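These numbers come from the heavy atoms of this one structure, side chains and all, not from hydrogens, waters or symmetry mates. We name chains A, B, ... by the order of the sequence lines, and we start the count at 1 in each one. What you are looking at is a predicted structure, and each value in this text was computed from that prediction instead of being measured.
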Protein chains: 2
Amino acid sequence: MKKAKVLPCKRPYSLGKRLELSDKKKARILAAARLLLEKDGFLALTLEILAGESGVTRQTVHNLFGSKTGVLEALFDQIAFSSGMEQMRNVMQQPDPDTMLDGFIGVFSAFWTKNRLLFRRIHGIAAIDPEFGSVLLARNQRRLSAATRILSVRSSKTGENFAEQTAQRVAVLHALSSFEFFDALAESCGSADQAARLLPGLVKKALGM
Amino acid sequence: MKKAKVLPCKRPYSLGKRLELSDKKKARILAAARLLLEKDGFLALTLEILAGESGVTRQTVHNLFGSKTGVLEALFDQIAFSSGMEQMRNVMQQPDPDTMLDGFIGVFSAFWTKNRLLFRRIHGIAAIDPEFGSVLLARNQRRLSAATRILSVRSSKTGENFAEQTAQRVAVLHALSSFEFFDALAESCGSADQAARLLPGLVKKALGM
DNA sequence: ATTTAATTTTACAAATTGTAAAGTTAAATC
DNA sequence: GATTTAACTTTACAATTTGTAAAATTAAAT
């Protein structure tokens with residue numbers, strides 16, 4: 001005789017501790033993904049290895065992130081929204097545009113330094129995979145609008161209000177504060193710290209300040 | 001009765017026309033690889049599709065290039081050693097360092113402009129795959145030594161012979177003449193041509209000239 | 001004790017890269 | 001023109017990896 005399958009009458013159920021555990025696993029997976037990505041690169045990072053390093057099964061990775069690129073997008077979001085970037089708030093509230101500019105450069109130098117290898121991989125993925133590339137555009141956009149604001153405020157304060165020149169300066173500042181340039185400069189200098197020391201003066205000279 | 005298999009007594013054989021045909025196929029494959037790479041990126045480029053577009057079988061691609069990355073390395077070599085770069089000879093033979101510098105910037109601006117999408121992909125692959133990354137280092141090295149020469153000659157002519165400052169300038173010039181910076185600047189400006197127009201002045205200001 | 005849902009286990013399909021062998025074809029040589 | 005040579009194709013197969021799906025397990029919530 002079959003056991004009659006009882007129809008589940010829905011009962012309220014809050015996740016509580018189970019959600020905590022799940023979040024911890026998510027965090028472990030992202031941490032492992034970061035290490036593996038930095039160490040061996042995107043091609044060598046398989047979900048099998050990632051799951052093994054995280055202490056879960058491959059299917060759990062799928063359940064939590066949907067796909068391989070899903071893991072990377074989550075990792076990118078985690079980095080972008082947390083460590084180091086919250087200081088941009090303060091920077092953008094400074095009254096003096098020169099102080100803003102220094103803060104802007106400083107925050108991004110620190111950010112690129114801290115996450116250099118990871119961003120190199122992530123930008124690499126964006127460069128080879130147009131679909132993933134769109135993920136980065138939003139971030140770039142925010143840096144662009146910050147650069148625009150800084151230079152607009154400055155040009156209105158100094159009175160030199162040529163729209164064209166400001167647009168050109170914005171482009172230059174945006175390019176000089178990009179990860180790509182920072183990484184290239186750090187490579188040329190021999191260290192990210194040296195690049196961070198060089199950058200502020202370089203930017204000012206390039207902007208003609 | 002079996003046909004006795006005749007032992008091949010080696011006879012001289014020069015490839016002649018067959019080599020030509022083979023080279024044409026190679027060229028067709030590389031051309032198709034470039035288009036596909038630029039259009040859809042590295043992940044979407046499969047050997048199956050590449051073979052189809054080139055009018056050969058997948059195994060022929062393997063025979064000619066060994067592997068997928070083999071195709072890319074061959075493509076990279078083809079670009080790096082041919083189109084546009086031969087002008088660097090002339091540039092480096094100029095007597096005046098300022099002329100050299102202008103030529104240096106000009107040649108690379110044109111080179112990056114011409115191969116922008118392709119280099120974006122190639123640098124992307126290098127960024128995600130450490131093994132492939134080493135392929136780019138040699139090229140970067142040649143640009144670095146050119147930058148070093150230009151600035152050394154210049155500092156010895158102007159008399160300002162501080163080794164430290166020259167080293168710093170070399171690093172800056174190397175970073176400002178990198179593909180990564182050019183691509184970022186072109187993105188900010190809206191076009192590669194505009195970036196190419198901006199770059200010479202920017203470099204001079206950044207180098208304090 | 002029962003219900004719930006996260007996680008694991010297990011199984012499978014599809015795509016892709018890579019390898020290998022036999023057969024085909026056309027150029028080069030005699 | 002017949003034979004040799006090697007590029008190329010055809011065909012087949014193995015390995016890896018991603019992605020999907022269902023049942024079984026487990027531990028938390030009720």
Side-chain angles (χ1 to χ4, degrees), chain A residues 2-29 33 36-37 40-73 125 128-129 131-132, chain B residues 2-29 33 36-37 40-73 125 128-129 131-132:
Chain A
K2 272 187 186 174
K3 263 188 194 171
K5 209 164 206 176
V6 184
L7 283 182
C9 53
K10 282 178 184 173
R11 173 203 279 184
Y13 192 98
S14 62
L15 288 177
K17 210 170 190 175
R18 300 186 77 168
L19 189 63
E20 281 179 37
L21 283 176
S22 174
D23 285 348
K24 275 184 189 169
K25 279 185 182 172
K26 262 190 177 175
R28 271 219 309 278
I29 293 170
L36 289 171
L37 203 58
D40 299 322
F42 176 70
L43 296 183
L45 173 68
T46 70
L47 296 181
E48 197 76 45
I49 295 174
L50 176 59
E53 292 286 315
S54 317
V56 299
T57 58
R58 188 164 67 88
Q59 280 63 17
T60 298
V61 178
H62 254 231
N63 290 341
L64 295 178
F65 296 101
S67 69
K68 184 173 175 179
T69 54
V71 176
L72 299 178
E73 287 175 23
I125 299 169
I128 63 169
D129 184 10
E131 198 177 344
F132 189 85
Chain B
K2 272 187 187 174
K3 264 188 192 170
K5 210 163 206 174
V6 183
L7 283 181
C9 53
K10 281 178 188 174
R11 175 201 279 183
Y13 194 97
S14 61
L15 288 178
K17 210 168 189 178
R18 302 187 75 169
L19 190 62
E20 281 179 38
L21 282 176
S22 174
D23 284 348
K24 276 184 190 169
K25 280 185 182 171
K26 262 191 178 176
R28 272 219 308 278
I29 293 169
L36 290 170
L37 203 57
D40 300 322
F42 176 71
L43 296 184
L45 172 69
T46 70
L47 296 182
E48 197 76 45
I49 294 175
L50 176 58
E53 293 286 314
S54 317
V56 299
T57 58
R58 188 164 67 87
Q59 280 65 17
T60 298
V61 178
H62 255 216
N63 290 341
L64 295 178
F65 298 101
S67 68
K68 183 173 176 179
T69 55
V71 177
L72 301 177
E73 287 175 22
I125 299 168
I128 63 169
D129 183 9
E131 197 177 343
F132 188 86

**Asked** For the pair made of CD in B/E20 and C1' in C/dA28, what is the distance, rounded to whole Å?
**Response** 13 Å
**Length of the NE2-P vector between B/H62 and C/dT19, whole Å** = 6 Å
**Complete:** Of A/I128, A/L37, A/D40, A/L45, the one forming a side chain to side chain contact (heavy atoms under 4.5 Å, CB included) with B/I128 is A/I128
**Message:** What is the distance, to the nearest angstrom, from the NZ atom on A/K68 to the P atom on D/dT16?
**Reply:** 15 Å
**Message:** The criterion is side-chain contact (heavy atoms from CB on, under 4.5 Å); which residues satisfy it with A/E131, sequence neighbours excluded?
**Reply:** A/D129
**Request:** Identify, with sequence neighbours excluded, every residue that meets side-chain contact (heavy atoms from CB on, under 4.5 Å) alongside B/S22.
**Result:** B/L64
**Asked** To the nearest angstrom, how far is A/N63 atom CG from D/dA22 atom P?
**Response** 13 Å
**Request:** Could you tell me which residues satisfy salt bridge (charged side-chain N to carboxylate O under 4.0 Å, His left out) with A/R28, sequence neighbours excluded, listed by chain and number?
**Result:** none
**Euclidean distance, A/K24 NZ relative to A/I29 CD1, rounded to 0.5 Å** = 14.5 Å
**Asked** Listed by chain and number, what are the side chain to side chain donor-acceptor pair (under 3.5 Å) partners of A/S67, not counting sequence neighbours?
**Response** A/T69
**Asked** OP1 or OP2 of D/dT10 sitting under 4.0 Å from any side-chain N/O of B/T57?
**Response** no
**Message:** The criterion is side chain to side chain donor-acceptor pair (under 3.5 Å); which residues satisfy it with A/T57, sequence neighbours excluded?
**Reply:** A/T60
**Request:** Would you kindly compare A/V56 and B/S67 by the position of their nearest DNA chain C nucleotide and give the one closer to the 5′ end?
**Result:** A/V56
**Message:** To the closest 0.5 Å, what do you measure between CG (B/L43) and CZ (A/F42)?
**Reply:** 5.5 Å
**Item:** Rounded distance in Å - CZ (A/F65) to P (D/dT18)
**Value:** 15 Å
**Request:** Have a look at A/L43 and say if it touches a base, only the backbone sugar-phosphate, or nothing, with a 4.0 Å heavy-atom cut-off.
**Result:** nothing
**Whole-Å distance separating the CG atom of A/L19 from the C1' atom of C/dA5** = 12 Å
**Asked** Rounded to the Å, how far apart are A/K25 NZ and C/dA6 C1'?
**Response** 7 Å
**Request:** Figure out the CG/P separation between B/L21 and C/dA28, and round it to whole Å.
**Result:** 9 Å
**Prompt:** So which of residues 45-53 of chain B are in contact with DNA chain C, with a heavy-atom cut-off of under 4.0 Å?
**Reply:** B/L45, B/T46, B/L47
**Summary of salt bridge (charged side-chain N to carboxylate O under 4.0 Å, His left out) pairs that have at least one residue in residues 49-68 of chain B, sequence neighbours excluded** = B/E48-B/R58
Pairs under 3.5 angstrom, nitrogen or oxygen only, protein versus nucleotides 11-13 of chain D, please.
unit_1, atom_1, unit_2, atom_2, d
D/dT11, O4, B/Q59, NE2, 3.1

**Request:** Name the residue closer to the 5' end of DNA chain D, choosing between B/S22 and A/A44 according to the nucleotide with the nearest heavy atom.
**Result:** B/S22
